Structure formats: structure tokens, C-alpha cells
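Structure, as C-alpha cells:
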Amino acid sequence: MWISIKQARQPEAIGQQAQVRGWVRTRRDSKGGFSFIEVNDGSCLGNLQIIADGNLANYQSEITTLSVGSSVVITGEIKASVGQGQSTEMAASEVRITGIASATDYPLQKKQHTFEKLREWAHLRPRTNTFGAVARVRNRLSFATHQFFQNDGFLYVHTPIITASDCEGAGQMFRVTTLPIDKLPMVNGKVDMSQDFFGKASYLTVSGQLEGETYATALGKIYTFGPTFRAENSHTSRHLSEFWMIEPEMAFFELADNMTLAERYLKYMIHDVLTHCAEDMDFFEKRIQPGVTAALQLVLDTPFTRLSYTEAVEILTKCDEKFEYPVSWGIDLQAEHERYITEKHVRGPVILYNYPKEIKSFYMRLNDDDRTVAAMDVLVPGVGEIIGGSQREERLDVLTERMLASGLKAEDYWWYLDLRRFGTVPHAGFGLGLERMVQYTTGMTNIRDVIPFPRAPGSCDF
RNA sequence: UCCCUUGUAGCUCAGUUGGCAGAGCAACGGACUGUUAAUCCGUGUGUCGGUGGUUCGAGCCCACCCGGGGGAGCCA
């Protein structure tokens, strides 16, 4: 019976005749004329130790040539392990080689490689401990996302990847076109976009929020979960050109409800990963970021600190920290300021809310003070902003006015304004960057190492 | 886009004042009665990121270009 290595490593498997299939991580030849082969199949972090006896028919001809990365199908009996380091092992009765990985050509060696080097081998890096563990945690976070929202009565809505709104205010967009780039149709010195595929300019989405609002204002509570694209020329360890975003949007929710949901959602994901990815989290704790599990556990046990922008500015102006950028009411908080708040002042997740209207988007609800909007950011140590959201402006006149002040044309958003024109309701939502959540839970410092095939300025390989 | 930093063997790196290109690991060959990144002995390894320049002579100095990393801005 073919079983996973995860199953084969359980003590309950002892005594069982079984077959495992996977890839060789290492082979050690013993003085006794037999070999230890460690096999991994991705089902868990740990390997299964195979004892390949010298009297197996293909021992000399094949087994002693088995190199790192080779694929094997192995049949035998699961036994309690004599040695330290594992509770079970398999005494092989047959070792069948599916494919050899030439030791002289296979890039991955039986040692640690730098993450920078592994990025050049993005097609092979999932075969390493770290990237296998990242993949499993990322999978679990995705699964937990669906579970959390589905259990809470949310509807999963698929918003478009291609959009024609060219000014959603969330950064530079990638253009989508079928026009011949070397022979553009010109009219009066300008490109005639009416000849393009959709009869107008189109782009890759930077957010599904506006479309999400249309469904929230019909179906109540919805969420989107899909790829998002930003053509920003940013070179940092926290930005990607293509990333995955989860955006819940809730009718009849106000800012406080939005914050409560964000906190429950983050805690749900953390609890789920700590529960179901214990072995992988143990690896991140030992090899990637000591203290990460205790920090996550603390998040579960502590209510999120909520600070208004005004309170945050007060804390920053009164503290002894020397900042490169001076703090005063009205400025957009710099990375150093956010880092101080979340890493030194609060030492955990913090929700900042009610930002000055001048530094936030047009769709965020204007507060009664006329100076701030009902925006919120969730900041976490190490990563910074992991969630950005707001209560949306539901009053037609206020929204229209704020659009004009932002230099946007109301007619471009006729359908968005219709939501306020017909049966408007208070509503709110937020966006969570999946990769930043993976970074936060694993302690991986570079965002390019928590997505299988990272896209960043000047980098679109594989 | 800006600032800093870096590019030398398959990998990680050293390379002095400009004077014959180095080490560890991996690989390969051998030894070894249960190993855990096994150990021990032996062997081989180069477009010094690219182009141009200075020089008797450049891995090293100069100019430009390309790639990697860190930070800023922008954001998730």
C-alpha cells in the first residue's frame, strides 16, 4: 500500500508493509555494507529513513549510486528506529529508481544554500526543507482563510483580473493590450485605444475592492481572494509586482466592526497554522526566526491594541526615539514610525485608525471632525502593514465631493456611485496581503521567498 | 526612482602595494559493522559579471553597462 511519508513517520505505522514514493534527500553508506537513504515526498518536513540492505539485488549497481534529488519508489516494512532522530524507519525489500538526478549536474547540494541562490533555482527550491515548509504554511493560510469566511457566512466572489478603471488610486497598473507594440494605431498623435481588444484601455487589477463593494451591497458579506498586480518600481523585501490579496467587504459594518473582524481573522489563521503546521513551525522557530512561535502565541492571547492616528502621533512626538523624519499631525507615518509603534511601543499587532483625510483614498468615510477618515491599518512587528482597510463613504454627496477633490471624474465611477444612489448602506472592508501574512507567520524576511515564483521589477523568470 | 553594498571554482568565500588564481564544502576514487549536514585518506575544478580604458603587466585602478542584497519612497 502506497502511504505518505507523513503517515510512515507515525509510530502507529510500525509493523506495516508499505510503499513510499519520493525524492532522495541524502544517502549514507554504512560500514556494515548497507545504506541509509532519507526520502522526502513533501507530505511533511521530515524524511523517512530507509534501510537498504546490501543483499538487495540492485544494491551495488543502483542503490549505492543514488544521489540527492533522485526519485524512488520503495517497498518494505515500517519498523521502530534503532537510531536517534526518528521514531520509525523502513526496512526496504525493494528500492526502485524512477529517475536519477546526476550528482555532478544537480544544483541542490546536501547542505544549506542561500535564499538568493535558491531564487535562481525557483523550479527546484520547493525540494528544500525551507521552501517545502513555506509552501505548506502558505497552503494552510489559504485554506484557513476560506474556512474562516465560509464559517462566518461570507460569500466568495470572483472579481475580475482585467479591469478598465485606470485610476483606482492604488498605484501604477500593468497595461493589458493586443495592439502591436511596434505599429500602434495613431490618431492625432495619440494611440487610438478604440482599436484595442476591449475598445478601450485595459489593465491588470490593483484591487478587487470596488467590484467587491457591488456584491457586498447586495449579498451582505463577501470576500475576494486572488492575484493582484502593481507596476510600482519598488525594490524592497515586502513588495511584489504580483501578489495574492484577500479582501472582505461587509454591508452594515462600521469601522469598529471592521477592526474586530480583522483581529478575529488574523487570530484564526495563526491558531490554525500553529495547530496544523506544528512541525513546520518548529522548523521556522529553530532555523529561520527563533521566538516566532512564542510571538504568534502571544498574539493569540492578547487583544490587539487600537490607537487612533492622533494618539499614535502623540506617542511618537513624546518618545525619546530619534527619527529621520520628524513627526507632526498630518504627515503620513513613515516606516520607522510604524516600526517604533508596533515593535517597541506595543510589541505586537496594533490597529491604527482615523487617519487625516488628505493622506488617504477618496472612498474612505469622512469622520464627523471633517479632518479624518475611517481608515485602519493593522501593523505587525517585522513586516509592517499587513492589512489596510476602511469604512467606505456611503453618502453620495460626500463621496462625489471627495472624488472631485482627488482629481477623479465622477462619470468614470458611475456604477460605483450608483451603489450610493440606490439603497446605500454603511459598509466596510479591508485587504490582507497573503505573502505578508506568510512572512509574518514563518519569519521569512524576504517576500520573494514566500511565493513560488516571485515577480518583481526586472525579474520575471520561470 | 534615490542611497548604501556586492559580483572570483558547482556552492560559500579569501585574494596584501597592480606581479604565476586560493581555501572550505560539494563532486569523483578509496577506507570504514547503525548512520543523522556521518567520518577518514586521496583527486580535479576558473569567460575573476560584461564592454572599453590606463599600464611592460589588471581579479585589484578608471568609465559605462548588467545582475544580486540591504534601506528609503509607494503600498498589501
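In what follows, every chain begins at residue 1, and chains take the letters A, B, ... in the order their sequences are listed. Quantities reported herein were computed from a predicted structural model and do not represent experimental measurements. These values consider heavy atoms only, across backbone and side chains, with no hydrogens, waters or symmetry-generated copies.
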Would you indicate which nucleotide in [options] comes nearest to any side-chain atom of [X]?
X	options	value
A:E116	B:A38, B:G68, B:C75	B:G68
A:N233	B:G69, B:U1, B:G34	B:U1
A:S459	B:A72, B:G68, B:C75	B:G68
A:R119	B:A38, B:G69, B:C74	B:G69
A:Q86	B:C28, B:G69, B:U36	B:U36

Legend entry - Members of residues 322-341 of chain A that approach RNA chain B, where some heavy atom sits under 4.0 Å away: A:Y325, A:D332, A:Q334, A:A335, A:R339
How many whole angstroms separate atom [atom1] of [X] from atom [atom2] of [N]?
X	N	atom1	atom2	value
A:K360	B:C74	NZ	C1'	12 Å
A:N55	B:U33	CG	P	17 Å
A:E38	B:U35	CD	C1'	9 Å
A:K79	B:U35	NZ	C1'	16 Å
A:E232	B:C75	CD	P	8 Å
A:R448	B:G70	CZ	P	8 Å
A:D29	B:C28	CG	P	11 Å
A:F36	B:A37	CZ	P	13 Å

Tabulated below should be each protein N or O lying under 3.5 Å from an N or O of nucleotides 8-11 of chain B; please produce it.
unit_1, atom_1, unit_2, atom_2, d
B:G10, N2, A:Q109, OE1, 3.1
B:G10, N2, A:Q109, NE2, 3.1
B:G10, N3, A:Q109, NE2, 3.0
B:C11, OP1, A:K117, NZ, 3.2
B:C11, O2, A:K111, NZ, 2.8

Backbone of [Y] reached by a side-chain donor or acceptor of [X] within 3.5 Å:
X	Y	value
A:D53	A:F34	no
A:Q10	A:Q7	no
A:T65	A:E62	yes
A:H337	A:Q334	yes
A:T342	A:E338	no

Pairing partner of [N] (Watson-Crick or G-U wobble, both distances under 3.5 Å):
N	result
B:C60	none
B:C2	B:G71
B:C40	B:G30
B:G18	none

[atom1] gap between [N] and [M], integer Å:
N	M	atom1	answer
B:U16	B:C61	P	9 Å
B:U43	B:A37	C1'	23 Å
B:G44	B:C62	P	37 Å
B:C13	B:U45	C1'	16 Å
B:G57	B:G19	P	14 Å
B:A31	B:G67	C1'	44 Å
B:A14	B:C2	P	28 Å
B:U12	B:G68	C1'	15 Å

Inset, instruction - Anything under 30° is parallel, anything over 60° is perpendicular, the rest tilted; go ahead and classify A:F453 against A:F462. - result: tilted
Once you apply a heavy-atom cut-off of 4.0 Å, does [X] come out as touching a base, just sugar-phosphate, or nothing?
X	answer
A:R25	nothing
A:T228	nothing
A:R238	base
A:L240	base
A:E89	base
A:S35	nothing

Do [X] and [Y] get their side chains close enough for a donor-acceptor pair, meaning under 3.5 Å?
X	Y	answer
A:Y363	A:E213	no
A:Y223	A:Q150	yes
A:T130	A:T128	no

Legend entry - First encountered from the 5' end of RNA chain B, between A:S237 and A:P457: A:P457
Legend entry - Position toward the 5' end of RNA chain B (nearest nucleotide), A:N446 or A:M245: A:N446
Inset, instruction - With A:R371 as the cation and A:W329 as the aromatic partner, state whether NZ or CZ is under 6.0 Å from the six-membered ring centre and within 45° of the axis. - result: yes
Inset, instruction - Quick one: which residue pairs count as a salt bridge (charged side-chain N to carboxylate O under 4.0 Å, His left out) with a foot in residues 444-462 of chain A, not counting sequence neighbours? - result: A:R119-A:D449, A:R125-A:D449
Inset, instruction - May I ask you to say whether A:R402 pairs ionically with A:E393, meaning some side-chain N is under 4.0 Å from a carboxylate O? - result: no
Inset, instruction - Would you tell me if any nitrogen or oxygen in the side chain of A:R28 comes within less than 4.0 Å of OP1 or OP2 on B:A38? - result: yes
